[in-house]
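Step one of this worksheet: look at the structure below.
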Amino acid sequence: QVQLVESGGGLVQAGGSLRLSCAASGRPISTYTMAWFRQAPGKERELVAAISWSGISTRTAASVKGRFTISRDNAKNTVYLQMNSLKPEDTAVYYCAGDSTTQGVGLMTSHRVDYWGQGTQVTVSS
């Protein structure tokens with residue numbers, strides 16, 4: 001099976017940037033739709049961004065559009081989330097996720113996820 005390991009989280013001031021990485025191992029994720037979700041205390045886990053297997057199609061949540069960019073490097077079996085202009089409300093645990101069945105980024109939801117990473121904490125201070 002696939003293992004997903006996130007890295008790159010940490011503490012940053014509002015307006016700052018972070019890049020999260022999701023390294024996959026076990027088998028290639030080149031055919032998977034990949035995504036980043038996040039969950040803040042007391043809130044539901046929400047989709048942040050998704051990317052098609054080819055990397056051609058992406059989707060980002062309205063709350064992060066224009067600030068976050070998802071990308072992937074299938075040769076490295078890695079997915080990234082570049083986060084710019086961070087806000088305190090972006091504070092959450094960020095999870096990498098993979099779906100072997102979803103073919104369109106618009107269909108990505110948490111119930112479709114086949115593989116979850118353990119998460120990485122992102123804290124944005126005021």
Side-chain angles (χ1 to χ4, degrees):
Q1 63 176 20
V2 174
Q3 290 183 317
L4 304 175
V5 180
E6 303 97 333
S7 62
L11 175 64
V12 65
Q13 293 188 102
S17 298
L18 287 173
R19 189 176 79 154
L20 305 184
S21 297
C22 173
S25 62
R27 60 188 179 194
I29 58 168
S30 57
T31 63
Y32 289 16
T33 299
M34 300 297 294
W36 289 93
F37 291 79
R38 68 184 182 186
Q39 187 165 24
K43 296 184 178 180
E44 298 294 319
R45 189 171 297 189
E46 64 176 345
L47 178 68
V48 176
I51 187 167
S52 66
W53 68 269
S54 66
I56 294 175
S57 298
T58 62
R59 172 190 175 191
T60 55
S63 59
V64 304
K65 195 175 297 293
R67 300 188 298 119
F68 291 11
T69 303
I70 188 171
S71 61
R72 68 191 299 165
D73 186 340
N74 285 338
K76 296 181 178 179
N77 225 28
T78 301
V79 183
Y80 306 95
L81 184 68
Q82 179 66 46
M83 305 186 294
N84 298 325
S85 301
L86 283 161
K87 304 175 180 179
E89 52 262 46
D90 295 318
T91 295
V93 177
Y94 284 71
Y95 298 91
C96 182
D99 179 7
S100 63
T101 61
T102 299
Q103 296 185 340
V105 296
L107 300 177
M108 173 60 88
T109 60
S110 60
H111 79 274
R112 289 180 171 269
V113 172
D114 295 315
Y115 303 101
W116 290 101
Q118 289 298 114
T120 185
Q121 177 70 46
V122 172
T123 302
V124 184
S125 62
S126 300

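Keep in mind that what you see is a predicted model, and the values were worked out from it rather than measured.
- With values rounded to the nearest 0.5 angstrom, Tyr95 atom OH is found 13.5 Å from Cys22 atom SG.
- The environment of Gln118 atom CD is sparse: at most 12 non-hydrogen atoms of other residues, nucleotides or ligands sit within 6.0 angstrom.
- For the pair Val93 and Thr120, the minimum side-chain heavy-atom distance is 4.5 Å or more.
- The minimum heavy-atom distance linking Met34 with Gly98 is given by the pair SD-CA, 3.5 Å.
- There is no path of hydrophobic side-chain contacts, each under 4.5 Å, that joins Met108 to Val48.
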Next on the checklist: Let's go through Thr33 and Thr101 carefully: what are the C-alpha distance in whole Å and the side-chain angles of both, what is the deciding distance for side-chain contact (heavy atoms from CB on, under 4.5 Å) to 0.1 Å, and is it a yes or a no?
Outcome noted: CA-CA 8 Å; Thr33 299; Thr101 61; over 6 Å; no
Item to check | Intermediate values then yes/no, side-chain contact (heavy atoms from CB on, under 4.5 Å), Ile70 and Val79 | outcome: CA-CA 7 Å; Ile70 188 171; Val79 183; 4.1 Å; yes
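- In this structure, Lys76 NZ and Ser30 OG are separated by 16.0 Å, a value rounded to the nearest 0.5 Å.
- Legend: residues meeting side chain to side chain contact (heavy atoms under 4.5 Å, CB included) with Ser126, ordered by chain and number and at least two apart, are Pro88.
- Residues passing the side chain to side chain contact (heavy atoms under 4.5 Å, CB included) test with Lys65 are Thr60, sequence neighbours excluded.
- Side-chain contact between Asp90 and Arg67: present, with at least one pair of heavy atoms (C-beta onward) separated by less than 4.5 Å.
- Sorted pairs that involve residues 51-86 and meet disulfide (SG to SG under 2.5 Å), not counting sequence neighbours, are lacking altogether.
- Proximity of Ile29 to Val2: side-chain heavy atoms (C-beta onward) are separated by under 4.5 Å at one or more points.
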Checklist entry - Given Leu18 and Leu86, is the side-chain contact (heavy atoms from CB on, under 4.5 Å) satisfied, shown in steps? => result CA-CA 8 Å; Leu18 287 173; Leu86 283 161; 4.1 Å; yes
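- At distances below 3.5 Å, not a single donor-acceptor pair connects side-chain atoms of Arg72 with backbone N or O atoms of Gly55.
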Checklist entry - What do the steps show when you test Met83 against Tyr94 for side-chain contact (heavy atoms from CB on, under 4.5 Å), and what is the final call? => result CA-CA 11 Å; Met83 305 186 294; Tyr94 284 71; 3.9 Å; yes
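- Scanning all heavy atoms of the two residues, the minimum distance from Ser57 to Val105 falls at O-CG1, 3.6 Å.
- How far CD of Gln3 is from SG of Cys96: 12.5 Å, rounded to the nearest 0.5 Å.
- Listed by first then second residue, pairs satisfying side chain to side chain donor-acceptor pair (under 3.5 Å) with a partner in residues 6-20 read Ser17-Asn84, not counting sequence neighbours.
- Here Ser63 pairs with Arg38, Ala61 under the side chain to side chain contact (heavy atoms under 4.5 Å, CB included) rule; sequence neighbours left out.
- A donor-acceptor distance shorter than 3.5 angstrom exists from the side chain of Asn77 to the backbone of Arg27, with no hydrogens or angles considered.
- Minimum interatomic distance between Leu4 and Ala24 (heavy atoms only, all atoms of both residues): CD2-CB, 3.6 Å.
- No side-chain donor-acceptor contact under 3.5 Å links Arg59 to the backbone of Leu47.
- Under the ring-ring contact (aromatic ring centres under 6.0 Å, His included) criterion, the residue pairs touching residues 34-92 are Phe37-Trp116, with sequence neighbours excluded.
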Checklist entry - Yes or no on side-chain hydrogen bond (donor to acceptor under 3.5 Å, both in side chains) for Gln121 and Thr123, after CA distance, side-chain angles and deciding distance? => result CA-CA 6 Å; Gln121 177 70 46; Thr123 302; 3.3 Å; yes
